[in-house]
Amino acid sequence: MAENKRILITGGSGFLGSHLCERLLSAGHDVLCVDNYFTGSKENIRHLLGQPRFELMRHDVTFPLYVEVDEIYNLACPASPIHYQHDPVQTTKTSVHGAINMLGLAKRIKAKILQASTSEVYGDPSVHPQTEDYWGNVNPIGPRACYDEGKRCAETLFFDYHRQHALRIKVARIFNTYGPRMAVNDGRVVSNFIVQALRGEDITVYGDGGQSRSFCYVDELVDGLVRLMENTPDDFTGPVNLGNPREFTILELAEKVIALLGSRSKIIHKPLPQDDPMQRKPDITLAKSALGWEPQIRLEEGLKPTVDYFRRVLGL
Ligand code: NAD
Ligand code: UDP
Ligand code: UDP
C-alpha cells in the first residue's frame with residue numbers, strides 16, 4: 001500500500017467530493033471531509049461515517065480553518081448554474097475567500113494543494129477544442145461571472161501563492177462531469193434529462209440544443225484528480241484540462257437519454273440562458289502526457305449507472 005496521508009477534501013459531501021473521499025479512503029488514507037452542506041448532502045457520505053479513517057466537519061471555507069494535513073483538495077463551491085446563481089455574492093466569496101483560506105492553511109502546514117477549477121474559465125470559447133494556453137472569453141458582469149470570475153481569481157491566487165510562497169499547487173480545469181450522486185434538483189443537464197425522462201415529463205432543451213458539451217464519467221474524473229495530486233512532480237502545477245473529449249450537442253444528449261430509457265418524454269425547447277457557452281470540448285494532450293490519463297467510458301455506458309442511481313433515489 002502507498003504511504004498513508006492525512007487528506008483534507010473541502011466540498012467533500014458534494015457530487016465529486018464524495019467519490020473522491022471514497023477513492024482516497026480505499027487507498028488507505030485518512031480523509032477529513034469539510035462541507036457546509038449548501039449543495040452537498042450527508043446522504044452522499046453517510047456510508048463512510050463508520051470508517052475509522054473518515055472524519056466529517058461542518059465548516060464554511062470562507063472562514064479560516066486550522067487543521068493539520070498533508071494534502072488539500074479544494075472542491076468547495078456550488079457547481080451548477082442554478083445553485084451558483086442563487087446567492088452569487090456567496091459564490092464569489094466561496095471561490096475567492098475559500099481559496100485564500102485554504103492557501104493560507106497550505107502555506108502554514110506546508111501541504112500540497114489542488115484546486116478544482118473549471119472549463120468555465122474559458123467562458124464562451126472562441127478556440128475549439130480548448131487548450132490550457134487559451135485565456136478565455138468571459139463576461140465579467142453577467143450572471144455566470146460570480147462562478148467564472150471567482151474560479152479565475154482562485155487560479156490567480158494559486159499561482160501567486162506558488163510564485164510568492166513556493167507552495168506546491170495543482171490546478172485541474174474540470175469539464176462537465178456526471179454520474180451517481182448528482183443532486184436531483186441540481187439543474188445540470190444530465191441530471192435534469194434523466195430525472196425528466198424517468199418521470200415521463202418533457203425534456204427541457206434550452207435554445208435549439210445545438211450548443212455542445214463533453215461529458216466525463218465521475219470515476220474517471222476522480223482518477224485524473226488523484227493522478228494530478230500523486231503522480232506529478234512538485235514543479236508540475238497545471239493548469240491541466242480534465243474531461244472526456246467526445247463532444248455532443250445537447251439535443252443529441254436528450255435523444256440518447258430518451259432512447260436509453262425507452263421513455264415517452266417529448267423534447268420541448270426553453271429559452272437559452274444568457275451567456276450559455278455554445279461549444280465546449282477539452283484538448284487533453286497535456287493530461288495524456290503528464291498524467292497518463294485518458295477517459296475510456298463512453299457516454300452510453302456511464303449513463304447506465306447514473307440512471308440506476310436516480311431510479312433508486314426517486315423510488316421508481
Ligand atoms: P457539488 O455542488 O455537488 O459540490 C460542491 C460542494 O461544496 C457541496 O458539497 C457544497 O455543500 C460545498 N460547498 C459549497 N460552498 C461551500 C462553502 N462555502 N464551504 C464549504 N463547503 C461548501 O458540485 P460538484 O460537481 O461536486 O463540484 C465540485 C467542485 O468541482 C466545484 O468546485 C466545482 O466548481 C468543480 N467542478 C465541477 C464540475 C462538474 O461537472 N461536476 C465541472 C467543473 C468544475
Ligand atoms: N488561514 C487559515 N488557516 C491557517 C492559516 C491561515 O484558514 O492555518 C487563513 C487566514 O484566515 C488567513 C488566510 O488563510 O487570512 C491567508 O493566510 P496567509 O498566511 O497567506 O495571509 P495572512 O495571514 O497574512 O492574511
Ligand atoms: N441545458 C438544457 N436543459 C436543461 C439544463 C441544461 O438544455 O434542463 C443546457 C444548458 O443550457 C447548457 C448545457 O445544457 O447549454 C449544459 O448545462 P449545465 O448546466 O449542465 O452545465 P454548464 O452550462 O455549466 O456546462
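Each residue takes its place number in the sequence, starting with 1. We count ligands from 1, going down the list as the structure has it; atoms in each ligand are counted the same way. Any value given below was found using the heavy atoms of this structure, including those in side chains, with hydrogens, waters and symmetry copies removed.
- Residue contacts with ligand 3 for D276 involve side-chain atoms from C-beta outward but no N, CA, C or O (heavy atoms, distance under 4.0 Å).
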Does ligand 2 have any N/O pairs with the protein under 3.5 Å, and how far apart?
residue, atom, partner, partner atom, Å
ligand 2, 3 (N), L65, O, 2.7
ligand 2, 7 (O), L65, N, 2.8
ligand 2, 7 (O), L65, O, 3.4
ligand 2, 8 (O), R108, NE, 2.6
ligand 2, 8 (O), R108, NH2, 3.1
ligand 2, 11 (O), N101, OD1, 3.1
ligand 2, 14 (O), I100, O, 3.4
ligand 2, 19 (O), K107, NZ, 2.9
ligand 2, 20 (O), K107, NZ, 3.3
ligand 2, 20 (O), Y161, OH, 2.5

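- Contacts of T204 with ligand 3, taken as heavy-atom pairs under 4.0 Å, involve both backbone and side chain.
- Of all the heavy atoms of R144, the ones lying under 4.0 Å from any atom of ligand 3 belong exclusively to the side chain.
- When side chains are defined from C-beta on, F310 counts as touching M182, because their heavy atoms get closer than 4.5 Å.
- K281 forms no cation-pi arrangement with F175, by the criterion of a distance under 6.0 Å to the ring centre and an angle within 45° of the ring axis.
- Of the possible polar contacts, one joining the K112 side chain to the M229 backbone as a donor-acceptor pair under 3.5 Å is found.
- With Q211 contributing its side chain and I250 its backbone, the two residues share no donor-acceptor pair below 3.5 Å.
- Which parts of ligand 3 touch E120 is read off a 4.0 Å heavy-atom cut-off, strictly below it: atoms 24 (O).
- Residue contacts with ligand 3 for R280 involve side-chain atoms from C-beta outward but no N, CA, C or O (heavy atoms, distance under 4.0 Å).
- Below 4.0 Å from some heavy atom of P81 lie the following atoms of ligand 3, by number and element: 19 (O), 24 (O).
- Residue contacts with ligand 3, taken as heavy atom pairs separated by less than 4.0 Å, involve N176 solely via side-chain atoms from C-beta onward.
- Of the options I72, V69, L105, L8, a side chain to side chain contact (heavy atoms under 4.5 Å, CB included) to I113 is made by I72 and by none of the others.
- With S13 contributing its side chain and D35 its backbone, the two residues share no donor-acceptor pair below 3.5 Å.
- Those atoms of ligand 3 with a heavy atom of N192 less than 4.0 angstrom away are 4 (C), 5 (C), 8 (O).
- Close contacts between ligand 3 and G187 involve ligand atoms 5 (C) [criterion: under 4.0 Å to a heavy atom].
- Residue-to-ligand polar distances keep Q196 apart from ligand 3: every N/O pair is separated by 3.5 Å or more.
- Under a 4.0 Å criterion applied to the non-hydrogen atoms of V205, ligand 3 contributes the atoms 7 (O).
- In this structure, H165 places its NE2 atom where more than 12 heavy-atom neighbours from other residues, nucleotides or ligands lie under 6.0 Å away.
- A donor-acceptor pair under 3.5 Å links the side-chain atoms of N101 to the main chain of T62, judged by distance alone.
- Set against the non-hydrogen atoms of I250, the atoms of ligand 3 under 4.0 Å away are 7 (O), 13 (C), 14 (O).
- Although no hydrogens or angles enter the test, the distance criterion places no donor-acceptor pair under 3.5 Å between the side chain of H29 and the main chain of R6.
- Atoms of ligand 3 lying under 4.0 Å from any heavy atom of F193, numbered from 1 in the order shown and given with element: 3 (N), 4 (C), 8 (O).
- Ligand 3 has no nitrogen or oxygen under 3.5 angstrom from a nitrogen or oxygen of R188.
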Write none if no such pair exists; otherwise list each N/O atom of ligand 1 with its protein N/O partner under 3.5 Å and the distance.
residue, atom, partner, partner atom, Å
ligand 1, 2 (O), T39, OG1, 2.6
ligand 1, 3 (O), F15, N, 2.8
ligand 1, 7 (O), C77, N, 3.3
ligand 1, 9 (O), G14, N, 3.1
ligand 1, 9 (O), D35, OD1, 3.2
ligand 1, 9 (O), D35, OD2, 2.5
ligand 1, 9 (O), G40, N, 3.2
ligand 1, 11 (O), D35, OD1, 2.6
ligand 1, 11 (O), F38, N, 2.9
ligand 1, 11 (O), T39, N, 3.0
ligand 1, 11 (O), G40, N, 2.9
ligand 1, 13 (N), N36, OD1, 3.3
ligand 1, 18 (N), D60, OD1, 2.9
ligand 1, 18 (N), T94, OG1, 3.2
ligand 1, 19 (N), V61, N, 3.0
ligand 1, 21 (N), N36, N, 3.3
ligand 1, 21 (N), N36, OD1, 3.3
ligand 1, 25 (O), R188, NH1, 3.1
ligand 1, 25 (O), R188, NH2, 3.0
ligand 1, 26 (O), F15, N, 3.3
ligand 1, 26 (O), L16, N, 2.8
ligand 1, 32 (O), L75, O, 2.8
ligand 1, 32 (O), K151, NZ, 2.7
ligand 1, 34 (O), Y147, OH, 2.6
ligand 1, 34 (O), K151, NZ, 3.0
ligand 1, 40 (O), T177, N, 2.8
ligand 1, 41 (N), R188, NH1, 2.9

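- The main-chain N or O of G200 is never found under 3.5 Å from a side-chain atom of S263 such that the two would form a donor-acceptor pair.
- Near Q211, meaning under 4.0 Å from one of its heavy atoms, ligand 3 places the atoms 9 (C), 11 (O), 15 (O).
- Judged by distance alone, the side chain of D283 and the main-chain N or O of P129 form no donor-acceptor pair under 3.5 Å.
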